[in-house]
Amino acid sequence: MYRSLFLRKMIFLVLVALFASALLSSALFNLAANQLTENSSQEELLDKATSMASYLQDQITEGIEADDASRLQTIKNAGIGYRSYDVISCYYLLYDANGKLESSTAADTTDTVSVISSINGFCASNMLTNSDNKNLIDSIDQEGSKNSITIVQVPIQYEGHIVAYLIIGDQVTSVTTTLSDFSQYVFLSTLVVSLAMLLPVYFASKRLIRPLNRVTDVANALGQGNFSIRANDKTKGEIGDLAASVNDLAEKLSKSITSVTTERNRLKEIFDIISEGIVSVNKDLQPDYSNNAIATLFEKVPRKNLFTEKLQLIPFEEVWEDFDNCLKTGETYERTIEAKDCAYSSTIVPIKDNEKAIIGATGFFRDISEQERLEQTRRDYVANVSHELRTPLTAMRGLVEPLADGMVKKEEDRQRYYGIILHETMRLSRLIDDMLELSRLQARTLAFKTFPFDLNKLLSEFETKFKPVMEEAELNFSVEYKTGPLPTVMGNPDRVEQIIVILLDNAKKYTPAGGSITISTEYSNETDQVLVSVIDTGQGIHEYDIDHIFDRFYKADRARGKKGTGLGLAIAKELLSYMGETITVQSEYGEGTTFTFTLKRVTGSVWY
């Protein structure tokens, strides 16, 4: 309250008003009093001059003077007593009919000489014979003094003509000083009254502005987000109306802010849970909002030279160029960004206010790496299928056409052609069967059950069946148990057998004569799993091929022309994935390859 600017201004205005009133009152009173005093002095001086002129005129009327010169001398002699200032309390000057000074107050002091000189000079210019009005009253300011001199002219006549001019004057000094002192008293008294009114004015102003302060507090609270506070609208008059208006504004603002906040939170929740990254920038290209997804969206992008906050948020210069162009042109910009092992789509749209002015831009970013990968896979799949199907079909067509045209005459050649056609037909059939099986595995429509089985027995049978095959290919084949007999595992023995056959078939194809192929097993206590490895000493796999070895139709070292559909390892991986297991590969080119897959150990009692 004591710091209230409004209160201080109100008190200041009241004091200024009182001070101005005192000053104006004193000035007006001084002006009126001066005028009144001057009029009173003039009237008093006029009465005195009239009496003196009447006396002197009586002297020449009763005398026996023969001419005006004699009469003037008589007047001078009669007015000798008037030459003393102390006798008549004014200055006395006598002029002849032509305006010549004949007699005056005795000039016994410097002030008297100065006053008589001032009166004489003024009269010579403005009175006497220079004026048609013979009875004159005027005042002049005395040079070098604040006092004024009142002058009265009365003509002395004889039988209708002027014989002489009587002029008397007096300084208005003591009355003016008194009025000045009185004016000071009036001013001081008014000032004292003003100071005395300060306390009542303070309390009255304080009571007046208390409701205004309450309204101000409400307005400040609204600015800080507190919409529950209300002003006292019970006060009568304009302040009560103001309080009611503020309360109505607070109510409407509360509803609007609540609605906006609810909508903002709803949008924020939506933006935070969607997978697309969202970044909003202002007109200065500075980010002012980003959702949660943007923080992890570009994790796969190599980060280099990210010196600015913007590049740390979106690590693509071309995207920020799109933001800049969008702010300049107001157009929507779309872009597909491809980086190593990832791809993104970018859409930049402008943000406009109610007047259609661009105030920012929002970017929407989506990771399309998987979509691009699937599209590439689809294209590769179609190309590979076309290639794999075209090879046997081309071979069969090349054999069928000569047979159909009767160009093959010998029965021996025809039988050889029929054998080749049968072989290519069986190859085509195997390819189609593998493709269908892989598709069913990936679509999870190929149903088979998993159950506990004895892996030791399965591997013993493998050793028996494949030993002759490997010896025929001049390969050393063995099965080893690093940790001894294996525990019972969970899986499908037929599918596990299919997986081992695929791995052995690949090892046999790429291992030259004299090499070795080993099925190695061990049980891991840490993971509670059985590890089955197929190890060969063949040519190995290049490091740039190893990441794609489980892709469909992928064949390492195609130049060697190894036969196969290129689907075996893909089928093995899908079978293991279906059973909840994994397969890995380790290889060094020229040294050999090791494929290892896992099988879970069965816990508890098992009945066969």
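Considering only heavy atoms from C-beta on, V532 stays 4.5 Å or farther from F595 through its side chain. Taking 4.5 Å as the limit, every side-chain heavy atom of T594 sits out of range of all side-chain heavy atoms of T584. Side chains of Q498 and I502 form a contact here, defined as non-hydrogen atoms less than 4.5 Å apart. Residues F323 and L285 form a side-chain contact, since some pair of their non-hydrogen atoms from C-beta on lies under 4.5 Å apart. Within the 4.5 Å cutoff, no side-chain heavy atoms of L504 are placed close to those of V469. Counting only heavy atoms from C-beta outward, the side chains of L569 and V585 never approach each other to under 4.5 Å.
For E543, there are no salt bridge (charged side-chain N to carboxylate O under 4.0 Å, His left out) partners, not counting sequence neighbours. Remark: K328 pairs with D324 by the side chain to side chain donor-acceptor pair (under 3.5 Å) rule, at least two apart or across chains. Among residues two or more places apart in sequence or in another chain, the salt bridge (charged side-chain N to carboxylate O under 4.0 Å, His left out) test is passed with E318 by none. The salt bridge (charged side-chain N to carboxylate O under 4.0 Å, His left out) search around K573 returns none, not counting sequence neighbours. Not counting sequence neighbours, K482 has no partner by the salt bridge (charged side-chain N to carboxylate O under 4.0 Å, His left out) test.
Between atom CZ of residue F364 and atom CD1 of residue I348 there is a gap of 9.0 Å, rounded to the nearest 0.5 Å. The CG atom of L459 lies 10.5 Å from the CD atom of E497; values are rounded to the nearest 0.5 Å. With rounding to the nearest 0.5 angstrom, the CZ atom of R366 is 12.5 Å from the OH atom of Y344. Expressed to the nearest 0.5 Å, how far CD1 of I500 lies from CZ of F462 amounts to 4.5 Å. Here D528 contributes atom CG and Y523 contributes atom OH; the two are 3.5 Å apart, rounded to the nearest 0.5 Å. If you take CG on D505 and NZ on K509, they are separated by 4.5 Å, rounding to the nearest 0.5 Å.
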Open item on the list: Between N506 and V534, is the side-chain contact (heavy atoms from CB on, under 4.5 Å) condition met? List the steps.
Closed with: CA-CA 10 Å; N506 276 339; V534 176; over 6 Å; no
Open item on the list: Go through it in stages, so that I can follow the logic: the residues are F597 and I499, the test is side-chain contact (heavy atoms from CB on, under 4.5 Å), and I'd like the CA-CA distance, side-chain angles, deciding distance and then a yes or no.
Closed with: CA-CA 9 Å; F597 64 91; I499 294 167; 4.1 Å; yes
- [ ] Decide yes or no on side-chain contact (heavy atoms from CB on, under 4.5 Å) for V489 and F453, but give the supporting numbers first.
- [x] CA-CA 6 Å; V489 295; F453 70 95; 3.6 Å; yes
- [ ] Tell me, with the steps shown, if T362 and Y289 meet side-chain contact (heavy atoms from CB on, under 4.5 Å).
- [x] CA-CA 9 Å; T362 300; Y289 172 78; over 6 Å; no
Which atom pairs, donor and acceptor, lie under 3.5 Å between side-chain atoms of residues 331-338 and protein residues at least two apart or in another chain?
from : atom 1 : to   : atom 2 : distance (Å)
Y333 : OH     : T329 : OG1    : 3.3
R335 : NE     : D322 : OD2    : 2.8
R335 : NH2    : D322 : OD1    : 3.1

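Formation of a donor-acceptor pair under 3.5 Å by the T425 side chain with backbone atoms of I421 is found in this model.
Looking only at atom types and distance, the side chain of T598 has a donor-acceptor partner in the side chain of E581 under 3.5 Å away.
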